[in-house]
Amino acid sequence: MSRTFVIIDGSSLVHRAFYALPVLTTTSGRYTNAVYGFTTMLMKLLDDIKPDAVAIAFDKGRTTFRTELYADYKAHRKATPAELSEQFPLVQEVVQAFGITVLEKEGFEGDDIIGTLAQKAAGWGYEALIVTGDRDALQLIDAKVKVMLTKKGISEMDVMDCKAVQAKYGVTPKQIIDLKGLMGDASDNIPGVPGIGEKTAGKLIAQFGSIENLINHIEQVAGKKLQENLYNHTELAILSKKLATIDCAMELDFLPETFCYNPDGTRLRELFTRLEFKGLLMRVNALLPQGDCEADKPGICLPPMTVLTAEEAVDGAVSEIIRTGSVELYPVVTGRIPELQLAGIVCWLSAGPVYAAANVPGWEKIVSLLADSATKKVTHDVKSLYNYGWSKGIKINNVVFDTMLAAYLLEPTAAEYQFDRLMDKYLQKQLTWPAVTDPAEYGAAAIFAIHELYPPLGECLSQSELDTLYFQVELPLAGVLAAVESTGIKVDAAHLKAMSGEFAAKIEELLQAIYIHAGEQFNVNSTKQLGQILFDKIKLKAVKKTKTGYSTDAEVLEKLAGQHPIIDKLLEYRLLMKLKSTYLDGLSALIHPVTGRIHTTFNQTVTATGRLSSSDPNLQNIPIRTEMGRRIRELFVPGDGWDYLVAADYSQIELRILAHISQDRNLTEAFLHNQDIHTRTAAEVFGVPMEMVTGEMRSRAKAVNFGIVYGISDYGLSRDIGVSRKEAGEYIQSYFAKYQGVKNYIDTVVREARHQGYVTTLFGRRRNLPDINSSNFNQRSFAERTAMNTPIQGTAADIIKKAMLDVAQTLAAQKLRSRILLQVHDELVLEVAAEELALVSELVKTAMEQTVQLTVPLLVDVKVGRNWAEAK
DNA sequence: ACGGTCACG
DNA sequence: ACGTACGTGACCGTC
């Protein structure tokens, strides 16, 4: 049995993979579809054929001997897209990891190397199998050489031999070049003879055998016109044939042994992990010779840790830190804001991790480094370090990197940013997590991870062009957020208690009424029991169902209103119950006994779009929309020594951002003239002058504007405003007719998302959209709406984050006592001293409006009150 | 732990 | 044909 020598046309297969596969990226946004497709093809090939020798050829250089013959050769080829060219180095890495020899030579195409090598392989006694997507290779076929062609996609291949070529093209493999000489090839820009296509060329070659023979017997060709064409273009035909002919006599000096291949399991695993080829990772072992299996790597053994116990030891550590000017550290923080403690600090020194438990002799020296401006600090979750600083009156200085924040910007949709996952993701190292009970042991693992993660995370940030956002916005913002959290907001506890009693009485009243209407007592808070009462007992008509039974939400109840007196009672009960349990009782539990203030946590690494979130308690969803709810805001008051709450909110920031990024003429004009945007939209959509817009029209236009920001669909809009889907569709159509810039933006952003696999905000914040090319309609549609919404919502988040920095910076620079208390997405709430009121109102407005220059102005409304409800 | 509901931008 | 508006967090009852 003869041995097989596989020769792969690398350039061809990589191109094929790139165009056949949907966009695929690593979570950090690196394109991998071509590498992935190429690698699967390669693995399948090695698996199916089990060749005895393998070589891969790549094209090299733009000019070849063919461009010297004919300057326009391949002239119409489009430039390789960047998304593809950036994958070639990765392909090289894959090939190297497989231990396969690469052949490329300046001035030659891969085809020439392949042809030459195929001849040599035949000479060495192999059966050569050329793998390519390029039909030109068919000319190389002979008794010892076959060609494997990609069919459609990347998974199917056809093996072609002499017979197959004859059957398909009606000529022998050698005659393929004659065929091409006559008919030309549009993709390579080979001219051929005008007026001759595939059919005629086939007939002529079948009849005359070769172009040369044909030229000698033009008079025998049937048809006057055809004869004339051939006669006038003999040189072109000969040139075209030359261009189409693969050079099989290149000088290639290689020994047959060169082409034995030898996969390196460790490198392949490392590479596939880095490229996030999870499926392929599992198949690596099957490729390897037996006995090279290390699949179950044990967790990393942490370096031995020095525990500092004496002042001298602390001095040694501190002096090393001072000498190097920087330290990676992890503070083991305990307690709750505003009273944080350290269990200890673990640092990474040249000797490895060292741990100092709180209050060891010399402890203050370590702590003093936190404030030292000359010492750079790297840590994980710097906000907690800043909060510790606030609780101890230490100003933390010169923090240069936070691995948690970095990981968030790289992957804002991750559920968590824990060391073990990050180590696995960025370094392919399995960190065995110690028991959290021992702060020293926990700290050792943490600091090891920080030390290891810092370089790759920094590199990934700059690769993804996230470094400016990171260093200019997120990292400094952590300091501002810690100040805001540590400051807290004062809540009037006595007033709260009174309100709670008042609400309790009303709830009790409503409850009794509900029981009477129902004819029995039941748990009104149980949707299950309530459903039975309403729909089984009272026999109201169920309008909506949930997975588990009847829906009883407000929308359903509104529809049933008027049909039974119980409904109104239920709606009011629900409202008051929500307000009391979540806002009155919920908040009350979180008022700090000493400060009398509520210290929420502003989460900086939670949302997919770049917004903050607030928890324990959530102060970003304090009621305002209902009169009853708004009363909750009366409870938020300035603390002792401050006099007013000032609320400054951006007016229509999302639509202004849309105007900026879409450059829509109508939308821009509306904001330049500071028109009421919903009225203007109504006028456009309904085709009436602005003075003629009714309340109903305006409210529908408002819903359309919301829809545009959310990623519009006729279904969603119809549901929201209660018109037919068809009518909603017509609104959208007429909106897009008037706002063509918006339409164009939406189309563009979705198209870009499909191609890139992610979307970005004005400041470069990124969100990957893995489902954007999904074959599942729901997943894909969701990703498309996300593609439309995220740049808008995310840019708004960028802007207010930067505004917060500017406001905080300005207040500090002017040594004002007034301070930021809350951020509610498009609003800042401040606590202001009476003597600073005018100045601060002006300063906050200016800072927020001027923090970024868009093509439309940003407008901020500033409101003042003795409590949050008054500041409206 | 999860689904339903509802509070906010 | 598919069947949702985007982004959050807290509380309640149920399992």
Side-chain angles (χ1 to χ4, degrees), chain A residues 412-413 522-531 544-557 570-571 573-587 589-590 600-603 606-626 628-630 632-633 647 649-655 658 703-721 725 728 732 759 767 774-794 796-797 800 822-828 868:
Chain A
T413 48
F522 66 103
N523 188 342
V524 183
N525 293 328
S526 160
T527 46
K528 199 175 160 201
Q529 294 179 40
L530 180 60
K544 196 163 72 171
K545 277 192 166 174
T546 64
K547 278 183 224 168
T548 52
Y550 302 117
S551 171
T552 67
D553 65 18
E555 195 190 317
V556 170
L557 296 182
L570 282 171
L571 282 165
Y573 172 86
R574 279 259 177 91
L575 172 71
L576 292 175
M577 195 64 194
K578 174 84 178 182
L579 295 177
K580 182 170 186 295
S581 62
T582 302
Y583 299 103
L584 297 179
D585 303 346
L587 285 183
L590 289 163
T600 183
T601 298
F602 282 104
N603 308 296
V606 165
T607 72
T609 55
R611 277 186 174 182
L612 299 176
S613 85
S614 156
S615 56
D616 304 301
N618 182 353
L619 292 185
Q620 290 180 321
N621 71 345
I622 301 301
I624 191 166
R625 293 174 188 172
T626 65
M628 261 300 177
R630 194 171 299 172
I632 306 284
R633 295 200 169 207
D649 72 301
Y650 282 110
S651 160
Q652 302 295 349
I653 188 169
E654 292 190 334
L655 288 173
L658 179 60
V704 172
N705 279 330
F706 269 104
I708 295 293
V709 170
Y710 290 156
I712 197 143
S713 74
D714 50 7
Y715 193 86
L717 181 63
S718 74
R719 239 186 99 260
D720 193 55
I721 58 180
R725 205 175 136 181
I732 294 169
V759 289
R767 178 174 180 181
S774 167
S775 55
N776 178 310
F777 174 87
N778 271 331
Q779 289 184 357
R780 189 175 65 249
S781 303
F782 188 34
E784 287 170 359
R785 292 194 298 275
T786 309
M788 303 176 208
N789 172 263
T790 295
I792 300 173
Q793 189 182 122
I800 193 158
L822 298 175
Q823 186 255 44
V824 194
H825 309 309
D826 64 353
E827 172 185 15
L828 295 182
W868 196 5

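Numbered from 1 within each chain, the chains take letters A, B, ... in sequence-line order.
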**Q.** salt bridge (Lys or Arg N to Asp or Glu O under 4.0 Å) contacts touching residues 703-714 of chain A (sequence neighbours left out)
**A.** A:Asp714-A:Arg725
Q) In which stems does DNA chain C show up, taking only runs of three or more Watson-Crick or G-U wobble pairs whose two distances fall under 3.5 Å? A) B:1-9 with C:6-14
Q: Just jot down the side-chain hydrogen bond (donor to acceptor under 3.5 Å, both in side chains) partners of A:Ser615, sequence neighbours excluded, or say none.
A: A:Asn603
Q | Residues in side-chain hydrogen bond (donor to acceptor under 3.5 Å, both in side chains) contact with A:Glu784, at least two apart in sequence or another chain | A | A:Arg754
Q: Sequence neighbours left out, what passes ring pair (Phe, Tyr, Trp, His ring centres under 6.0 Å) with A:Tyr650? Give chain and number order.
A: none
Q: Using side-chain hydrogen bond (donor to acceptor under 3.5 Å, both in side chains) as the criterion, list what pairs up with A:Glu555, not counting sequence neighbours.
A: none
**Q.** First and last nucleotide of DNA chain C, 5' to 3', lying under 4.0 Å from heavy atoms of chain A
**A.** C:dC2 to C:dC15
Q: Name all residues meeting the salt bridge (charged side-chain N to carboxylate O under 4.0 Å, His left out) criterion together with A:Asp553; count only those two or more places apart in sequence or in a different chain, and write none if there are none.
A: A:Lys544
Q: Kindly write out the residues that satisfy side-chain hydrogen bond (donor to acceptor under 3.5 Å, both in side chains) with A:Lys578, not counting sequence neighbours, or none if the list is empty.
A: none
(Q) Please enumerate all residues that pass salt bridge (charged side-chain N to carboxylate O under 4.0 Å, His left out) together with A:Asp616, with sequence neighbours excluded. (A) none
Q: Determine the Euclidean distance between corresponding P atoms of B:dC6 and C:dA5; express it in Å to zero decimal places.
A: 15 Å
Q. Excluding sequence neighbours, so at least two apart, what forms salt bridge (charged side-chain N to carboxylate O under 4.0 Å, His left out) with A:Asp826?
A. none
Q) With a 4.0 Å cut-off on heavy atoms, is A:Ala608 in touch with a base, just the backbone sugar-phosphate, or nothing at all? A) sugar-phosphate
Q: Report the residue (A:Val606 or A:Gly716) whose heavy-atom-nearest nucleotide on DNA chain C is the more 5′ of the two.
A: A:Gly716
Q: In whole angstrom, give me the gap between the P atoms of C:dT4 and B:dG3.
A: 15 Å
Q. Which parts of nucleotides 1-9 of chain B does protein reach within less than 4.0 Å, heavy atoms only, written one letter per nucleotide 5' to 3' as B for base, S for sugar-phosphate only and - for none?
A. ---SSBBBB
Q) Hey, does the side chain of A:Tyr573 reach the backbone of A:Asn525 with a donor-acceptor pair shorter than 3.5 angstrom? A) no
Q: For A:Arg611 and A:Gln793, indicate whether the former's side chain and the latter's backbone hold a donor-acceptor pair under 3.5 Å.
A: no
Q.
Pick the closest DNA chain C nucleotide for A:Thr582 and for A:Ser713 by heavy atoms, then say which residue is nearer the 5' end.
A. A:Ser713
